[in-house]
**Q** 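I'd like to ask you about the structure that follows.
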Amino acid sequence: MASPGPRRAATLDDVRSRGTLNCGVNPGLTGFAAPDASGRWEGFDVDLCRAVAATIFGDPEKVTFTPLSGETRFTALAAGEVDMLARNSTWTFSRDTDLKLDFVAVNYYDGQGFLVPKALGVASAKDLDGATVCIQTGTTTELNLADFFRVNNITYEPVPIQNDAEGRQQYLAGACDTYTTDASGLAAARSTFETPDDHIILPEIISKEPLGPAVRHGDNQWADLVRWTFYALVAAEELGITQANVEEMAAAAGDNPEINRLLGTEDELGPMMGADISPQWAVNVIKAVGNYGEVFDRHLGPNTPLGIERGLNAQWTQGGLMYAPPFR
């Protein structure tokens with residue numbers, strides 16, 4: 001008799017029976033994940049959590065946000081404390097293989113940089129020989145920093161920090177000459193300063209930091225659902241589907257078959273991810289948060305305090321790397 005196969009790790013069933021998605025996020029990174037004055041979580045990564053809830057429940061508010069530090073985020077996911085991470089985490093070989101995580105997509109292409117006070121008079125990261133550096137422990141940032149200084153034959157003195165909030169505090173207190181993390185994180189930190197123009201992000205980007213949502217290894221159905229929820233946002237932007245027009249476009253099939261498939265007016269893609277997923281799942285997602293470009297512009301774009309240009313995060317048709325596989 002054939003031996004039974006491994007038990008399917010049914011995260012989707014667990015989420016449905018619980019009635020809420022447990023999503024691990026940054027404890028507080030402006031633009032990506034932070035509670036507002038009323039305690040409501042807002043941000044680029046937060047909207048991805050809400051999009052996944054909209055796929056499952058048709059309701060983007062059925063999310064419980066769990067703030068996780070850089071050191072606890074992966075163990076919390078592995079232990080089942082959260083169903084997914086949307087926490088500006090870099091996809092690396094060892095995290096994918098040794099930690100047994102699945103990074104389902106890249107939702108933000110980033111790279112590590114350095115923030116310094118203008119008064120320091122430094123124009124290049126290569127001028128930081130002997131500098132004190134605020135660095136978050138347990139991160140790829142820590143490893144990249146050591147590599148950069150080693151390659152350039154210069155030295156530094158690390159000032160360990162536990163999270164972004166402590167990094168900002170220590171940097172502003174003068175405990176370190178420079179603060180290093182992902183360039184998006186530096187822009188987020190600087191946007192909270194009383195005098196942001198007194199600080200500059202140096203021109204060097206010293207690493208590749210493909211940031212993305214992660215799930216536990218071994219549950220392909222759940223990984224598919226999170227992956228294709230994200231790609232629905234990317235495809236919607238490419239296809240001209242917005243938060244404002246999605247209901248009108250979904251009301252009747254049009255001439256573009258990919259739009260029809262995405263919005264559920266042709267074929268039924270939703271149930272392929274789970275028997276209870278609505279054919280209108282992508283409509284619910286886009287109604288909830290908008291398309292990828294709308295999410296980016298709302299939280300990170302040029303008209304926000306962070307002032308980040310799309311760059312590599314532009315659509316592939318605009319010279320960027322954002323590219324959704326076909327919905328068919």
Side-chain angles (χ1 to χ4, degrees), residues 9 11 23-27 29 32-33 43-45 48-49 52 66-114 125 133-152 156 158 160-164 167 179-188 204-220 222-224 226-227 229-231 234 300 308 311-313 320-323 325:
T11 307
C23 200
V25 294
N26 196 294
L29 184 62
F32 285 86
F44 179 81
D45 284 335
L48 180 55
C49 300
V52 172
T66 302
L68 297 170
S69 71
E71 292 184 313
T72 63
R73 55 186 160 166
F74 300 128
T75 53
L77 177 61
E81 294 173 23
V82 295
D83 304 308
M84 61 176 284
L85 283 181
R87 198 211 168 280
N88 54 292
S89 297
T90 303
W91 186 351
T92 71
F93 177 92
S94 59
R95 289 173 178 176
D96 196 42
T97 57
D98 192 40
L99 293 186
K100 303 284 191 294
L101 304 180
D102 284 341
F103 285 82
V104 299
V106 177
N107 72 332
Y108 190 95
Y109 290 93
D110 209 344
Q112 185 172 334
F114 295 89
V133 184
C134 283
I135 177 72
Q136 189 170 340
T137 55
T139 63
T140 56
T141 312
E142 188 176 25
L143 305 176
N144 296 334
L145 177 67
D147 287 351
F148 176 78
F149 276 77
R150 178 182 174 184
V151 166
N152 287 283
Y156 68 99
I161 58 171
Q162 295 300 311
N163 52 50
D164 297 294
Y179 176 33
T180 184
T181 189
D182 297 342
S184 62
L186 298 178
E204 289 89 355
I205 297 296
I206 69 168
S207 69
K208 293 183 292 185
E209 303 295 331
L211 310 180
V215 298
R216 286 180 293 279
H217 185 73
D219 189 341
N220 293 341
W222 180 245
D224 286 346
V226 177
R227 176 183 298 113
T229 295
F230 169 69
Y231 281 131
V234 177
L300 310 175
I308 298 175
L312 294 177
N313 297 295
L321 298 178
M322 280 299 154
Y323 184 111

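Remember, it's a predicted structure, so these values are computed and weren't measured experimentally.
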**Q** What verdict does the side-chain contact (heavy atoms from CB on, under 4.5 Å) test give for Val104 and Tyr231, after you've listed the backbone C-alpha separation in whole Å, the side-chain angles of each residue and the deciding distance to 0.1 Å?
**A** CA-CA 10 Å; Val104 299; Tyr231 281 131; over 6 Å; no

**Q** Taking the side chain as every heavy atom from C-beta outward, state whether Gln112 and Leu143 have any pair of such atoms under 4.5 Å apart.
**A** no

**Q** Between Phe74 and Leu85, does the side-chain contact (heavy atoms from CB on, under 4.5 Å) criterion hold? Intermediate values first, please.
**A** CA-CA 8 Å; Phe74 300 128; Leu85 283 181; 3.7 Å; yes

**Q** Might you point out which heavy atoms bring Trp222 and Asp83 nearest each other, and give the distance in Å?
**A** NE1-O, 3.0 Å

**Q** Let me confirm one number: the CD-OH distance from Gln136 to Tyr179, rounded to the nearest 0.5 Å.
**A**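 The distance works out to 6.0 Å.
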
**Q** Is there a donor in the side chain of Thr137 and an acceptor in the side chain of Glu71, or the other way round, less than 3.5 Å apart?
**A**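 Distance-only check passes for Thr137 and Glu71.
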
**Q** Minimum heavy-atom separation for Met322 and Phe230, please, with both atom names.
**A** SD-CZ, 4.0 Å

**Q** When you check the side-chain N and O atoms of Asn26 and Asp45, is any donor under 3.5 Å from an acceptor?
**A** no

**Q** Between Pro213 and Met84, what is the shortest heavy-atom contact and its length?
**A** CB-CE, 4.2 Å

**Q** Backbone N or O of Arg87 within a donor-acceptor pair of the Ser89 side chain at under 3.5 Å?
**A** yes

**Q** As an exercise, state the distance from CD1 of Ile308 to CZ of Phe44, rounded to the nearest 0.5 Å.
**A**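 Reported to 0.5 Å precision, the distance equals 9.5 Å.
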
**Q** Can you tell me how far apart CG (Leu145) and OG1 (Thr180) are? Round to the nearest 0.5 Å.
**A**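 Leu145 atom CG to Thr180 atom OG1 measures 5.5 Å (nearest 0.5 Å).
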
**Q** Could you tell me how the ring of Phe32 sits relative to the ring of Tyr108: parallel (under 30°), tilted (30 to 60°) or perpendicular (over 60°)?
**A**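 Phe32 and Tyr108: perpendicular rings.
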
**Q** Of all heavy-atom pairs between Ala183 and Ile205, which one has the smallest distance, and what is that distance?
**A**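 It is CB-CD1, 4.0 Å.
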
**Q** Does the side chain of Thr11 reach to within under 4.5 Å of the side chain of Arg216, using non-hydrogen atoms?
**A**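 Yes, close enough: below the 4.5 Å cut-off.
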
**Q** Strictly distance-based, threshold 3.5 Å: is any side-chain N or O of Thr72 a donor or acceptor partner for the main-chain N or O of Leu68?
**A**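 No; judged by distance alone, with no hydrogens or angles, the pair does not exist.
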
**Q** So, taking the atom named OG1 in Thr139 and the one named CZ in Arg73, what distance separates them when rounded to the nearest 0.5 Å?
**A** 7.0 Å

**Q** Would you name the heavy atoms of Leu77 and Val215 that are closest together and state the gap between them?
**A** CD2-C, 3.8 Å

**Q** To the nearest 0.5 angstrom, please state how far the CG atom of Asn88 sits from the CG atom of Leu211.
**A** 6.0 Å

**Q** As an exercise, state the distance from CG of Leu29 to CG of Asn163, rounded to the nearest 0.5 Å.
**A**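 One finds 10.5 Å between CG of Leu29 and CG of Asn163.
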
**Q** Run the salt-bridge test on Arg227 and Asp224 with the 4.0 Å N-O cut-off and return the result as yes or no.
**A**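 Here Arg227 pairs with Asp224 in a salt bridge, since their nearest N and O are under 4.0 Å apart.
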
**Q** Taking C-beta and beyond as the side chain, do Cys49 and Val25 meet within less than 4.5 Å on heavy atoms?
**A** yes

**Q** Test side chain to side chain donor-acceptor pair (under 3.5 Å) on Glu209 and Thr140; report intermediate values, then the result.
**A** CA-CA 9 Å; Glu209 303 295 331; Thr140 56; 3.2 Å; yes

**Q** For the residue pair Asp102 and Asp96, establish whether any side-chain heavy-atom pair is separated by less than 4.5 Å.
**A**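 Of all side-chain heavy-atom pairs linking Asp96 with Asp102, at least one is under 4.5 Å.
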
**Q** What heavy-atom pair brings His217 and Lys100 nearest, and what distance separates the two atoms?
**A**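 Residues His217 and Lys100, closest heavy atoms: CB-O, 2.8 Å.
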
